[in-house]
> 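Quick one: structure below, then a few questions.
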Amino acid sequence: MSSNFETVTTAEISNRPTILVIDDEPDSFEVISEILYESGYHIQYTSDGMSALKRLERSQPDVILLDVMMPEMDGLEVCRQIKAKPSWNHIPIIMVTALYAKEDLVCCLDAGADDFISKPISALETRARIRSMLRIKQQHDRILASLKLRKDMANMIVHDLRNPLSSILLSCEMLDREDLPEKTQTKVSRIRFSQQQLQSLTESLLLTAKLESGKMILNLEQLALSQIVETSIRDLQAIANQKSIQLVSELRDAQVSVWADSLLLRRVLDNLVSNAIKYSPSKSRVTIKSSLIDSQTMQIQVLDMGTGISNDLKQKVFEKYEIGPSLASVNQVGLGLAFCQMAIKAHQGKIFVTDNDPQGTIISITLNTILPNEIAGK
């Protein structure tokens, strides 16, 4: 190893871009170290692909210089594995190769490499290509930081909305007196209804943020499905009445308990039923059904009689900010079904859309009647 390296502090190293060299030939690392010494980078080295992958589990460099020809696991396979992992695939990879054929270089790019350097390596070219990759990495980091800031601010605002919404509800309760004129009572009811909608959206946003961050801990218990469905129907009956929609429960095997977080399951049902009401025509019906698929799986379905969902939208509606069929009378945000999908997946269940016969949509979810090992071990 060259004696040019001087002693530096941990703080100094942490502020310098990190270059990871993966090469089975120590002499190649020696050459690269000499080339990059004056650039001020923090240079790391590993001699094989498996060690490199283990190193990435602990810390991530800013750029990887990866030799193609290595024993056991070659550079192409290492590159493929790095690019296949979402938490690593943003790291720029420069392949270092003695191969010159266009077919070989195409293989490098197909494996996910961002650039390549041919051996014997040129000092001028190597420094230039690393600077180019660092610019890309820095742009990625800035975008990521900006998105995180926006997300944190949005979550903070949503969290802070709960207090004024609670005040609005309390004010409505104080105003809700029998001696008020009928016109005033109607306005108070509308305010309360709007407050409940905002409260529901706020809670869904907060729970969605927790599910996305992986910080949501499920409080699993054995729940009687009939009680949750009846409570949901009772609370949403006022909304259904505005469109003269009948809410019907047809629960089979309702005596069988499901393992679920009662708060999340209730919000999922509320979202699905309120969506069904929203898209159903006046004087129609929304039905909640349940039945055992097998001894370990309960299926719950919410059926509406609306316009239905086209085939190309049946998967997209579960993505954030994707909306269903466009209706002039329906306000759409595109968060409800995304939340439902995350919540059901957290329960190791499934959610999917099918057509209702003769008209409308069926959204089905599955839940476990026994405690799944994947969840029990958490």
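This one's a predicted model, so the numbers in the text were calculated from it and none came from an experiment.
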> Going by side-chain hydrogen bond (donor to acceptor under 3.5 Å, both in side chains), name the residues that satisfy it together with Q299, two or more places apart in sequence or in a different chain.
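If we apply the side-chain hydrogen bond (donor to acceptor under 3.5 Å, both in side chains) test to Q299, skipping adjacent residues, there are no hits.
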> With no hydrogens and no angle check, do the side chains of T369 and Q296 hold a donor and an acceptor under 3.5 Å apart?
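No, no side-chain donor-acceptor contact under 3.5 Å.
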> Locate the shortest heavy-atom distance separating Q227 from T231; write the atom from each residue and the value.
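Closest pair (atom of Q227, atom of T231, distance): O-OG1, 2.8 Å.
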> Apply side-chain contact (heavy atoms from CB on, under 4.5 Å) to L367 and L223, showing your working.
CA-CA 11 Å; L367 293 170; L223 302 174; over 6 Å; no
> Check this for me, if you would: do K85 and E57 make a salt bridge, where the nitrogen-to-carboxylate-oxygen distance has to be below 4.0 angstrom?
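Yes, K85 and E57 are salt-bridged.
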> Can you see which heavy atom on S284 is nearest to which on M305, and at what distance?
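Nearest heavy atoms, S284 then M305: CB-SD, 4.1 Å.
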> Cluster question for you: counting only ILVMFWY and a side-chain heavy-atom cut-off of under 4.5 Å, with indirect links fine, are I277 and I309 together?
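Yes; I309 is reachable from I277 via cluster members.
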> Are the side chain of K243 and the backbone of K278 linked by a donor-acceptor contact shorter than 3.5 Å?
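Yes, because the side chain of K243 sits within donor-acceptor range (under 3.5 Å) of the backbone of K278.
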> In the hydrophobic clustering (ILVMFWY, side-chain contacts below 4.5 Å, transitive), which residues join L124, or is it alone?
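Noted: L124 shares its cluster with no other residue.
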> Hydrophobic clustering (ILVMFWY, side-chain heavy atoms < 4.5 Å, transitive) - are I22 and M50 grouped together?
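Yes, it is one cluster - the side chains of M50 and I22 are joined through contacts under 4.5 Å.
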> Treating Ile, Leu, Val, Met, Phe, Trp and Tyr as nodes and any side-chain heavy-atom pair under 4.5 angstrom as an edge, say whether V302 and I351 lie in one connected cluster.
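Looking at the clustering, I351 is in the same group as V302.
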> Answer yes or no: is there a donor N or O on one side and an acceptor on the other, between the side chain of S274 and the main chain of D270, under 3.5 Å?
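Yes; at least one donor-acceptor contact below 3.5 Å.
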> May I ask you to decide if D261's main-chain N or O and H347's side chain share a donor-acceptor pair within less than 3.5 Å?
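Present.
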> Any side-chain heavy-atom pair from T184 and K187 closer than 4.5 angstrom?
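No; the side chains remain at least 4.5 Å from each other.
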> Ignoring hydrogens and angles, write down the donor-acceptor pairs under 3.5 Å from the side chains of residues 111-120, residues two or more places apart or on other chains.
| from | atom 1 | to | atom 2 | distance (Å) |
| --- | --- | --- | --- | --- |
| D114 | OD2 | K83 | NZ | 3.0 |
| D114 | OD2 | I93 | N | 2.8 |
| D115 | OD1 | R129 | NH1 | 2.8 |
| D115 | OD2 | R129 | NH1 | 2.9 |
| K119 | NZ | D67 | OD1 | 3.1 |

> Measuring from Q44:CD to F29:CZ, what's the distance to the nearest 0.5 Å?
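Atom-to-atom, Q44:CD and F29:CZ are 9.0 Å apart.
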> Which heavy atom in M298 sits nearest to a heavy atom in L292, and how many Å separate them?
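That would be SD-N, 3.9 Å.
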> Test of understanding: with salt bridge (charged side-chain N to carboxylate O under 4.0 Å, His left out), list the residues that count as partners of D110, not counting sequence neighbours.
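Once residues adjacent in sequence are excluded, D110 has no partner under the salt bridge (charged side-chain N to carboxylate O under 4.0 Å, His left out) criterion.
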> Report the residues that fulfil side-chain hydrogen bond (donor to acceptor under 3.5 Å, both in side chains) with N219, sequence neighbours left out, ordered by chain and then residue number.
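Scan of N219 (side-chain hydrogen bond (donor to acceptor under 3.5 Å, both in side chains), adjacent residues dropped) gives none.
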> Judged by atom type as modelled, is there a donor-acceptor pair below 3.5 Å linking the side chain of R55 to the main-chain atoms of T46?
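No, because the side chain of R55 does not come within donor-acceptor range (under 3.5 Å) of the backbone of T46.
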> Taking all non-hydrogen atoms of both residues, which atom of S59 and which atom of P61 are closest, and how far apart?
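Minimum heavy-atom contact is O-CD, 4.0 Å.
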> Checking D74 side chain against M70 main chain: does a donor-acceptor pair fall under 3.5 Å?
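Flag not set: sc D74 to bb M70 has no pair under 3.5 Å.
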> Kindly write out the residues that satisfy side-chain hydrogen bond (donor to acceptor under 3.5 Å, both in side chains) with S291, not counting sequence neighbours, or none if the list is empty.
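With neighbours one apart ignored, the set is empty.
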> Assess, by modelled atom type and distance only, whether the side chains of D304 and S280 contain a donor and an acceptor separated by less than 3.5 Å.
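D304 vs S280: no donor-acceptor pair found between side chains.
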> Distance-only, no hydrogens or angles: does the N368 side chain make a donor-acceptor pair with backbone N or O of T297 under 3.5 Å?
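No; judged by distance alone, with no hydrogens or angles, the pair does not exist.
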> Under 3.5 Å, is there a donor-acceptor pair between the side chain of T366 and the main chain of K350?
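Looks like yes, one N/O pair under 3.5 Å.
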> Taking R252 for its side chain and S290 for its backbone only, find out whether a donor-acceptor pair lies under 3.5 Å.
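Between the backbone of S290 and the side chain of R252 there is no qualifying donor-acceptor contact (under 3.5 Å).
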> Where the side chain of S51 meets the backbone of D48, is there a donor-acceptor pair that is under 3.5 Å apart?
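No; judged by distance alone, with no hydrogens or angles, the pair does not exist.
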> For a 4.5 angstrom cut-off between non-hydrogen side-chain atoms, does L251 reach V229?
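Yes, close enough: below the 4.5 Å cut-off.
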> Sub-3.5 Å donor-acceptor pair from the side chain of Q301 to the main-chain atoms of I363, do we have one?
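Side chain of Q301 to backbone of I363: no pair is present.
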